Q: 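First the structure, which I've put down as structure tokens, then a few questions once you've had a look.
Numbers for residues simply follow the sequence, beginning at 1. Bear in mind the structure is a predicted one, so any value in this text is a computation, not a measurement.
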Amino acid sequence: QVQLVESGGGLVQAGGSLRLSCAASGRTASTYIMGWFRQAPGKEREFLAVIRWSDDRTYYADSVKGRFTISRDNAKNTMYLKMNSLKPEDTAVYYCAARSGLVMFTTRYEYDYWGQGTQVTVSS
């Protein structure tokens, strides 16, 4: 089992920045991928970014490419999402997710472990 705990959400003005954290514990291993998703009210959970733990390779959704950066700290077993130039439409609950393996999936159904979510609200 892997436990994931997100933090770092909050209220920010449009144009501002936030950094989300996702701390992993339990049976983590080097052959993991971890991703960030978000879900706005009434919408499907949307893929944002994924990182492969073994080699730091990353992949982003077009909607956030150039504004969001995914990274990880191996020593702390923590993944981050730095979000810049935030827009009101970025308002959502943000989730981190993980699964074993090397394929960098972008669909929510491929992930086995999820955090509880952290609210991000961007005011105009």
Q: Which disulfide (SG to SG under 2.5 Å) pairs, counting each pair once, include a residue from residues 41-84, with sequence neighbours left out?
A: none

Q: Could you tell me which residues satisfy side chain to side chain donor-acceptor pair (under 3.5 Å) with Ser63, sequence neighbours excluded, listed by chain and number?
A: Glu46

Q: Please identify each residue that fulfils salt bridge (charged side-chain N to carboxylate O under 4.0 Å, His left out) with Arg67, with sequence neighbours left out.
A: Asp90

Q: From Met83 CE over to Thr69 OG1, what is the distance, rounded to the nearest 0.5 angstrom?
A: 11.0 Å

Q: Partners of Glu110 by salt bridge (charged side-chain N to carboxylate O under 4.0 Å, His left out), sequence neighbours excluded?
A: Arg99

Q: Does the side chain of Met79 come within less than 4.5 Å of Trp53's, by heavy atoms?
A: yes

Q: Out of curiosity, Asp112 CG to Tyr32 OH, how far, rounded to the nearest 0.5 Å?
A: 7.5 Å

Q: According to side chain to side chain contact (heavy atoms under 4.5 Å, CB included), who are the partners of Ala14, at least two apart in sequence or on a separate chain?
A: Pro88, Val122

Q: Once rounded to the nearest 0.5 Å, what's the spacing between atom CZ of Arg108 and atom OG1 of Thr106?
A: 13.0 Å

Q: Looking at residues at least two apart in the chain, or sitting in another chain, which of them share a salt bridge (charged side-chain N to carboxylate O under 4.0 Å, His left out) with Lys65?
A: Asp62

Q: What pairs with Thr121 under side chain to side chain donor-acceptor pair (under 3.5 Å), at least two apart in sequence or on another chain?
A: Gln119

Q: Starting at NZ of Lys87, measure out to OG of Ser124 and round the result to the nearest 0.5 Å.
A: 14.0 Å

Q: Give, for atom CD1 of Ile70 and atom CG of Leu48, the distance between the pair rounded to the nearest 0.5 Å.
A: 9.0 Å

Q: I'd like to check the side chain to side chain contact (heavy atoms under 4.5 Å, CB included) partners of Ser7; sequence neighbours left out, ordered by chain and number.
A: Ser21

Q: With sequence neighbours excluded, what pairs up with Ser85 under the side chain to side chain donor-acceptor pair (under 3.5 Å) test?
A: none

Q: Using the ring-ring contact (aromatic ring centres under 6.0 Å, His included) rule, collect all pairs that involve residues 101-124, keeping only residues at least two apart or in two chains.
A: Phe37-Tyr111, Phe37-Trp114

Q: Atom CD of Glu6 and atom CG of Leu81: how far apart are they, to the nearest 0.5 Å?
A: 11.0 Å

Q: Does Asp56 have any salt bridge (charged side-chain N to carboxylate O under 4.0 Å, His left out) partners at least two apart in sequence or in another chain, and if so, which?
A: Arg72

Q: For residues 67-124, which residue pairs qualify under disulfide (SG to SG under 2.5 Å), counting only residues two or more places apart or in two chains?
A: Cys22-Cys96

Q: Is there a path from Trp36 to Leu86 through hydrophobic residues (I, L, V, M, F, W, Y) whose side chains come within less than 4.5 Å of each other?
A: yes

